[in-house]
Protein chains: 4
Amino acid sequence: MTELRHTRDDKLALILRASATMFADKGYHEASIRDISRETGISLSGLYYYFRSKEELLFLIQDHCFTTLYENLGRLLAEENDPYQRFLLMVENHLRYFVNNMKEMKVLSHELDSLTGEFRQRVNQIKRQYTETCSSVLEALAPEDSGIDARVAIYSLFGMMNWIYNWYHPERDVAVEELAADMCQLFLRGYLSGVAERSEAVAERFSTPSPSIWRT
Amino acid sequence: MTELRHTRDDKLALILRASATMFADKGYHEASIRDISRETGISLSGLYYYFRSKEELLFLIQDHCFTTLYENLGRLLAEENDPYQRFLLMVENHLRYFVNNMKEMKVLSHELDSLTGEFRQRVNQIKRQYTETCSSVLEALAPEDSGIDARVAIYSLFGMMNWIYNWYHPERDVAVEELAADMCQLFLRGYLSGVAERSEAVAERFSTPSPSIWRT
Amino acid sequence: MTELRHTRDDKLALILRASATMFADKGYHEASIRDISRETGISLSGLYYYFRSKEELLFLIQDHCFTTLYENLGRLLAEENDPYQRFLLMVENHLRYFVNNMKEMKVLSHELDSLTGEFRQRVNQIKRQYTETCSSVLEALAPEDSGIDARVAIYSLFGMMNWIYNWYHPERDVAVEELAADMCQLFLRGYLSGVAERSEAVAERFSTPSPSIWRT
Amino acid sequence: MTELRHTRDDKLALILRASATMFADKGYHEASIRDISRETGISLSGLYYYFRSKEELLFLIQDHCFTTLYENLGRLLAEENDPYQRFLLMVENHLRYFVNNMKEMKVLSHELDSLTGEFRQRVNQIKRQYTETCSSVLEALAPEDSGIDARVAIYSLFGMMNWIYNWYHPERDVAVEELAADMCQLFLRGYLSGVAERSEAVAERFSTPSPSIWRT
DNA sequence: AATGAATGAGGGTTCATTCAT
DNA sequence: CATGAATGAACCCTCATTCAT
């Protein structure tokens, strides 16, 4: 009885998985409902029992991903007070979810603009919540004056992390834990950290803006 | 006279601009040739005088962008020997071109997979050349052992830089020169650099891998 | 009930008929799917439920025609041993089917080259089988030495028969039975057969090749 | 001077040749003016100096072919009075021209319907003249009563001859002279001529119409 | 809960043809 | 004579979606 009532949810989950894979591989607009029908074995019109439109399907995927990511972060942060550890947890949570759901995350990164109206608003809202949580974790760690613009800082971090679907291969590259540790160190201490003579040599270079010889 | 003879190239340039904007706004597959026709004022079939297929159009854009980016970098590096300055030039060149050609660069980032066959190979080749040049600039600067995986380092840098089309607004955010300076500092010295007590406190945290409490 | 379940096949048959007529009247390439849509009353896209491409549509027609023609011949020959009767049956079968399906046969004659790849191979294969069966019927009848090249003989016969779509009008010309009888006599006994003095007069003429006064 | 004035005609001849080849290979409608432009090396718009429309181009080819064929026949028949020789000349003239201009003749056979209006009328007129001349040659030879319908006879002959573009390969098959001789014998004396016992055995079979067991 | 059949809108592309130069 | 540039019409085909069953 109980199992039977789960049938619907199970099938929906199957559909979401297949769709996310399809959307990631071919892009949202290039992937057709027919592709999903073929992949899931459910007939074209049968699919429409589970969602009302293709856009809702995209929404369901994005909503589920962001919600999970966000809730995971909340759960982890709830048990940790130390700012450094909180930062570390945030990065690792983010990267781990991305690595484990690479296809879905590519969809998240690419296809936000494909949503419209209320769908877009709802995803944007949770995305904003997530971003704010991350920002506050970062700010709790910030030096009084790092000399770095706040938006540049947070979005550079996101850029580092979100870009991985473009190059990261689990079987070839370092494990997620090291990936997280490396990125944390890069972001917090920099590429040259630990190098002795760095302090003055580099510092001096950044003290004066470089001459912009560059034309557009 | 001479100007008149440039008509054809000018129109092609106009088409490429409009197409890049279209592709960036709606995505390559969502943007229709009819959209480009409407935007440029050239008839649908008239456009095909300038390119043989939509895919070639995408190729022309990507090829032009990457080539320009790559050649600009070569020109800048040719006059500079100091590793730090070379790094700075590389980052500034990259960011400046991205900021000045945001639409095109979004297309570059998103639509590489949309090319097939020889088009793809040719763009991939120049992309590889550009990446290698950047990598060598970075390596010339590298500490003996930063403890950070080489691929993680270079792609984190690219991630930081390439992500900007997702958040950077020229009129609202810092100028390109500062953007470049900030990212250089972030990447080279880290977010916490300059903070006195950082050395030991942070270092210790990275010495032992964080406990991975996280399940998939 | 049963009839209702045949709906799909019936519609396909309707489409094939209409398409064959269209292809015959305007030629394969000149006939548009829109024409077929108009003719059948089925929407343009609705047609694609029944075939995957225009080329497949042509294939379906050609395959059906050749297969029917070939199977009919097999059925007729199975019950007849006498070489003359077998020849007669072959000719009558061929002509009757052509006359009854003139449009389709014109398509068969004209549009073999319009097929490509596997479609072409499959039609060519059955065409070859049919030709071979006809050839063997002819050879079983052949005099030891008619003095006529084998290929010239069989293809002259086919030429006579296949050409009829260019001139034959059922309502104006002789009935199929006579058409078949006439062509059989023409082919087997010749136009002058029965004429008394023919034997020597004509024979002599063919004994020496005519002087070729003709320039290219 | 004189040579210069021939330039136009020479180029037109080049265009007609190339077009006929194109039309024969791909069919009239499938061959594009662009194909002809590519083949001749003359620019797309440049071609329109030599003809007013694609249809006129087809007309020029058909008209030239039929006229040449017809005039050649007239020249040959003018010097020959013997009915048998006249028949032979007619067949050989027809076949030789077909073999030497296979591409053009395929166009003639296939694309008569592609002409409309006056173009069609003019080609049809000369075609009718040619057919009538051939018919009269045949009738001059006819037995009082061959028992064969006149239309069946003449069109069977044409069928035999016109079909050759479907199977005849100059390098593989018999020479044109033998081709002509074979077809003449076939048509006049039949496939079984010379076979002694034929007379009664076969004749009897044709005296009674074959039982038409065949349903549509 | 699921499907076969159907559709309107729109996709990229090619075509014969024109016209100013 | 010849061409580069341009166009409207039409092409085949795919799409997300619906609806009776």
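Note on naming: letters A, B, ... go to the chains in the order of the sequence lines (proteins, then strands), and numbering restarts at 1 for each one. Below, all heavy atoms of this structure are taken into account, side chains as well, without hydrogens, waters or symmetry copies. Treat the numbers as computed from the prediction; the structure is a model and nothing was measured.
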Quiz item: Could you give the CE-to-P distance, from A:M22 to F:dA16, as a whole number of Å?
Solution: 12 Å
Self-check item: Separation of E:dA2 P from A:L14 CG (nearest whole Å)
Solution: 11 Å
Quiz item: E:dA6 C1' sits how many Å from C:Y50 OH, rounded?
Solution: 8 Å
Quiz prompt | side-chain contact (heavy atoms from CB on, under 4.5 Å) between A:E39 and A:D35, intermediate numbers included | solution = CA-CA 6 Å; A:E39 197 70 13; A:D35 288 332; over 6 Å; no
Practice problem: Using both distances under 3.5 Å as the test, list the Watson-Crick or G-U wobble partner of F:dC11, or none. | Solution: E:dG12
Exercise. Map C:R34 and A:D35 onto DNA chain F by nearest heavy atom, then report which one ends up closer to the 5' terminus.
Key: C:R34
Quiz item: Between A:L57 (CG) and F:dT17 (C1'), how many Å, whole number?
Solution: 14 Å
Self-check item: Phosphate-side-chain proximity, A:K11 and E:dA2, N/O vs OP1/OP2 below 4.0 Å
Solution: yes
Exercise. Answer with yes or no whether the side chains of C:Y165 and C:H110 bring together a donor and an acceptor at under 3.5 Å.
Key: yes
Quiz item: For the side chain of B:S43, counting heavy atoms from C-beta on, which of E:dG4, F:dG8, F:dA2 is nearest?
Solution: F:dG8
Quiz item: Which part of the nucleic acid does D:Y49 contact within heavy-atom distance under 4.0 Å: base, sugar-phosphate only, or nothing?
Solution: sugar-phosphate
Quiz item: Which comes earlier along DNA chain F counting from the 5' end, the contact point of C:L44 or that of B:G46, where each point is its nearest nucleotide?
Solution: B:G46
Quiz item: Taking atom types as modelled, is there a side-chain donor on D:S114 or D:E55 under 3.5 Å from an acceptor on the other?
Solution: no
Quiz item: Looking at D:Y48, is D:K54 sitting on its ring face, NZ or CZ under 6.0 Å from the six-membered ring centre and within 45 degrees of the normal?
Solution: no
Quiz item: If you check the B:K54 side chain, which of F:dT17, E:dG12, E:dC15 turns out closest?
Solution: E:dG12
Quiz item: Within this structure, what is the CD1-to-C1' distance between B:I33 and F:dA10, rounded to whole angstrom?
Solution: 17 Å
Practice problem: Could you work out which one of E:dC19, F:dT7, E:dT3 sits closest to the side chain of A:S45? | Solution: E:dT3
Quiz item: Expressed in angstrom and rounded to an integer, what is the separation of D:E30 atom CD from F:dC11 atom P?
Solution: 13 Å
Practice problem: Using whole Å, report how far CD of A:E55 lies from C1' of F:dC15. | Solution: 15 Å
Quiz item: Relative to the 5' end of DNA chain E, which residue comes earlier, B:Y48 or C:G41, by the nucleotide with the nearest heavy atom?
Solution: C:G41
Self-check item: Passing option when D:C65 is tested against D:V123, D:L16, D:L108 for side-chain contact (heavy atoms from CB on, under 4.5 Å)
Solution: D:L108
Practice problem: Return the value, rounded to whole Å, for the distance between atom CG of B:D10 and atom P of F:dA6. | Solution: 12 Å
Quiz item: With a non-hydrogen cut-off below 4.0 angstrom, is D:I42 in contact with a base, only sugar-phosphate, or nothing?
Solution: sugar-phosphate
Practice problem: Using a 4.0 Å heavy-atom cut-off across all strands, classify C:F51 as base, sugar-phosphate, or nothing. | Solution: nothing
Self-check item: G-U wobble or Watson-Crick pairing nucleotide for E:dA20 (cut-off 3.5 Å, both distances)
Solution: F:dT3
